K.L.:
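Before anything else, here's the structure in question.
In what follows, every chain begins at residue 1, and chains take the letters A, B, ... in the order their sequences are listed. The analysis underlying the following values was restricted to heavy atoms, covering all of them including side chains, and did not include hydrogens, waters or symmetry mates. All of these numbers come straight from a predicted model, not from anything done at the bench.
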Amino acid sequence: MPELPEVETTIRGLRPCLEGEVLTLVEPRRADLRRPIPADLRQRLTGARVIGLSRRAKYGLIHTDREDTLIFHLGMSGRWRIAPAQLDKHDHLIIETASGKRLVLNDPRRFGSLDLMPTVDVAAFDPFTRMGPEPLGDDFTPAVLAQALKGRVGPIKLLLLDQKVVAGLGNIYVCEALNMAGISPIRPGGNVSRAAINRLVPAIKQVLAAAIEAGGSTLRDYARPDGELGYFFKQWRVYGREGEPCVCGGTVQRRTDGGRSTFFCPACQK
DNA sequence: ATGTCCACCTGCTGGC
DNA sequence: TGCCAGCAGGTGGACA
């Protein structure tokens with residue numbers, strides 16, 4: 001579920017449920033996920049009004065009129081469920097609003113996180129202080145990426161997964177963008193030509209934008225009252241397609257880099 | 001600073 | 001049918 005496009009569509013899906021709403025119940029069901037859940041979360045959020053929701057990289061932010069911001073990360077398996085028929089054992093946070101909306105944060109593997117910061121201090125949230133640019137922002141340009149890759153010897157695939165280089169990409173979209181740009185995942189970062197970087201930056205923006213588009217429709221499915229989980233759209237070119245044809249006519253292969261699967265086409269990715 | 005390995009956790013699938 | 005290895009969209013700490 002959760003790379004940048006999934007977090008973005010999650011935020012868009014949560015907005016109609018939360019924006020302008022007063023939180024009447026905020027109930028953690030356990031003390032920790034990846035990190036401890038702030039002990040004062042319930043006290044600080046109950047009675048507050050949500051004034052806005054936003055996203056930074058793969059983090060979702062829920063801002064309240066008490067000058068607090070709830071920062072959530074979905075890890076590998078996190079998702080929000082809207083108006084669930086009943087609680088699941090991995091529902092770790094329950095939120096209810098004055099108008100009767102009910103949401104739960106579900107995360108079986110518990111690699112996600114919940115943090116609460118004064119809104120004015122959000123930029124100082126530790127993970128944010130080390131992050132590179134938003135890939136969909138105007139300040140993520142070929143020149144900026146070229147500077148970040150300069151002199152780096154690690155494979156480009158792993159560098160794009162490094163949130164300090166660019167913030168929000170995950171395993172799927174890195175594989176997809178490298179295929180779109182015709183760049184080998186194992187090419188050393190500093191060895192990616194400027195022409196290739198000029199293809200890579202728009203490829204990243206394009207694949208993320210297309211995924212957000214698709215994610216929007218899937219989230220509507222996901223929010224259905226019957227709880228139908230039809231949200232796992234796939235129109236990937238290489239990810240999960242080992243042995244299948246690439247658009248170039250080559251065959252998609254799979255390898256392991258940094259302990260994670262890489263899907264790529266050796267015929268067109270150089 | 002950079003690169004590499006690994007731990008964190010549950011659930012699912014495929015092979016025997 | 002059961003068991004077990006392997007794998008899954010992420011992050012960050014330990015170590016060379």
Side-chain angles (χ1 to χ4, degrees), chain A residues 1-11 13 29-37 55-60 71-81 87-92 105-115 125-132 135 147-179 185-191 204 207-208 210-212 214-215 218-219 222 229-243 254-263:
Chain A
M1 166 78 176
E3 293 184 45
L4 184 153
E6 290 72 31
V7 178
E8 179 63 32
T9 52
T10 293
I11 287 294
R29 311 274 290 168
R30 55 176 299 125
D32 56 75
L33 296 175
R34 171 183 238 297
R35 293 188 284 274
I37 295 172
R55 177 191 60 74
R56 170 72 170 116
K58 300 173 195 173
Y59 288 84
I71 306 174
F72 68 83
H73 193 290
L74 298 174
M76 292 279 264
S77 58
R79 62 189 193 207
W80 284 91
R81 307 202 296 141
L87 281 187
D88 177 89
K89 68 173 170 173
H90 300 301
D91 289 336
H92 304 310
L105 177 66
N106 183 278
D107 185 2
R109 292 177 74 181
R110 305 202 301 274
F111 287 173
S113 59
L114 286 169
D115 292 279
F125 179 55
D126 202 50
F128 293 170
T129 63
R130 291 187 288 266
M131 266 180 194
Q147 182 61 35
L149 297 179
K150 190 176 175 183
R152 302 293 295 268
V153 297
I156 182 66
K157 194 254 182 167
L158 293 185
L159 290 170
L160 292 177
L161 285 173
D162 182 348
Q163 305 294 295
K164 294 189 289 296
V165 172
V166 56
L169 296 182
N171 205 31
I172 292 175
Y173 298 111
V174 165
C175 291
E176 293 300 308
L178 286 171
N179 176 260
I186 59 173
R187 178 174 290 275
N191 197 22
I204 288 168
V207 72
L208 293 178
I212 289 170
T218 59
L219 192 70
Y222 178 64
L229 303 185
Y231 66 172
F232 204 6
F233 255 75
K234 285 197 172 186
Q235 46 201 37
W236 315 133
R237 302 159 57 107
V238 290
Y239 190 85
R241 294 187 172 277
E242 181 182 15
R254 170 183 174 166
R255 51 173 286 126
T256 300
D257 297 289
R260 312 187 65 192
S261 288
T262 301
F263 297 89

K.L.:
So what does the secondary structure string of DNA chain C come out as, 5' to 3', with Watson-Crick or wobble pairs under 3.5 angstrom, [ ] for crossing and | for pairs with another strand?
P.N.:
.|||||||.|||||||

K.L.:
A:L169 has an atom CG; how far is it from atom P of C:dG10, in whole Å?
P.N.:
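Between P of C:dG10 and CG of A:L169: 10 Å.
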
K.L.:
Let's see if you can work this out: which of C:dC7, B:dT10, B:dG3 has an atom nearest to the side-chain heavy atoms of A:R254?
P.N.:
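Looking only at side-chain atoms, A:R254 lies closest to C:dC7.
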
K.L.:
Identify whether a stacking contact exists between A:F111 and C:dT11, where the ring centres must be under 5.5 Å apart and the planes under 30° apart.
P.N.:
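So A:F111 does not count as stacking on the base.
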
K.L.:
For a quick check, tell me whether the side chain of A:R109 and the base of B:dC9 share a donor-acceptor pair closer than 3.5 Å.
P.N.:
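Indeed there is one.
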
K.L.:
Between atom CZ in A:R260 and atom P in B:dC5, what is the gap in whole Å?
P.N.:
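In whole Å, B:dC5 P and A:R260 CZ are 15 Å from each other.
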
K.L.:
What is the distance, rounded to the nearest whole Å, between atom CD1 of A:I186 and atom P of B:dT4?
P.N.:
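So the two atoms are 13 Å apart, to the nearest Å.
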
K.L.:
Quick one: A:D91 CG to B:dT10 P, roughly how many Å, whole number?
P.N.:
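Result: 15 Å.
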
K.L.:
Is the backbone of A:G240 close enough, under 3.5 Å, to the side chain of A:E242 for a donor and an acceptor to pair up by distance?
P.N.:
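A pair under 3.5 Å: no.
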
K.L.:
Within the 4.0 Å heavy-atom criterion, would you say A:K89 contacts the bases, only the backbone, or no part of the nucleic acid?
P.N.:
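If one applies the 4.0 Å heavy-atom cut-off, A:K89 turns out to touch the sugar-phosphate alone, with no base involved.
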
K.L.:
Looking at every strand, decide which applies to A:R34 at a 4.0 Å heavy-atom threshold: base, sugar-phosphate, or nothing.
P.N.:
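Base contact.
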
K.L.:
How many Å lie between OH on A:Y59 and P on C:dT11, as a whole number?
P.N.:
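It is 6 Å, rounded to the nearest whole Å.
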
K.L.:
For A:V174 and A:T262, run side-chain contact (heavy atoms from CB on, under 4.5 Å): C-alpha distance rounded to whole Å, both residues' side-chain angles, the deciding distance at 0.1 Å, then the answer.
P.N.:
CA-CA 9 Å; A:V174 165; A:T262 301; over 6 Å; no

K.L.:
Closer than 4.0 Å, any side-chain N/O of A:H90 to the OP1 or OP2 of B:dG11?
P.N.:
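Checking B:dG11 against A:H90, a side-chain N or O does come within under 4.0 Å of OP1 or OP2.
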
K.L.:
When the distance from CG of A:L161 to P of B:dT4 is rounded to whole Å, what number comes out?
P.N.:
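So the CG-P distance, A:L161 to B:dT4, works out to 13 Å.
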
K.L.:
Regarding A:R35 and A:D115, does a basic nitrogen lie under 4.0 Å from an acidic carboxylate oxygen?
P.N.:
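A:D115 and A:R35: salt-bridged.
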
K.L.:
A:V153 side chain: which of B:dG11, C:dT11, B:dG3 is closest?
P.N.:
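In terms of side-chain proximity for A:V153, the closest of B:dG11, C:dT11, B:dG3 is B:dG3.
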
K.L.:
When you measure from the side-chain N and O atoms of A:Q163 to the phosphate of C:dT11, is any distance below 4.0 Å, counting only OP1 and OP2?
P.N.:
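Yes, such a contact exists.
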
K.L.:
Just how far, in rounded Å, is C1' of C:dG12 from CZ of A:R130?
P.N.:
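Distance, rounded to whole Å: 8 Å.
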
K.L.:
Distance-only, no hydrogens or angles: does the A:Q163 side chain make a donor-acceptor pair with backbone N or O of A:G132 under 3.5 Å?
P.N.:
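No, the answer is negative, given that no donor and acceptor are paired below the 3.5 Å cut-off.
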
K.L.:
Is the side chain of A:E176 donor-acceptor paired with the backbone N or O of A:V238 at a distance under 3.5 Å, no angle test?
P.N.:
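Indeed, once roles are kept as given, a pair shorter than 3.5 Å links the two residues.
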
K.L.:
The test is side-chain contact (heavy atoms from CB on, under 4.5 Å); show your working for A:W80 and A:L74 and say whether it passes.
P.N.:
CA-CA 9 Å; A:W80 284 91; A:L74 298 174; 4.2 Å; yes

K.L.:
Applying side-chain contact (heavy atoms from CB on, under 4.5 Å), run through A:R260 and A:L161 and close with a yes or a no.
P.N.:
CA-CA 11 Å; A:R260 312 187 65 192; A:L161 285 173; 4.2 Å; yes

K.L.:
Judged by atom type as modelled, is there a donor-acceptor pair below 3.5 Å linking the side chain of A:R241 to the main-chain atoms of A:W236?
P.N.:
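Pair found, side chain donor or acceptor close to backbone of A:W236.
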
K.L.:
Measure from CG on A:L159 to C1' on B:dA1 and round the result to the nearest Å.
P.N.:
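Those two atoms, CG and C1', are 13 Å apart.
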
K.L.:
Counting any heavy atom closer than 4.0 Å, what does A:S113 reach on the DNA or RNA strands: base, sugar-phosphate only, or nothing?
P.N.:
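No contact.
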
K.L.:
Under 4.0 Å from OP1 or OP2 of C:dT11: is there any side-chain N or O of A:H73 that close?
P.N.:
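Looking at the OP1 and OP2 atoms of C:dT11, one of them is under 4.0 Å from a side-chain N or O of A:H73.
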
K.L.:
Of the nucleotides B:dT2, C:dG12, C:dA8, which has the atom closest to the A:R35 side chain?
P.N.:
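Given the options B:dT2, C:dG12, C:dA8, the side chain of A:R35 is closest to C:dG12.
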
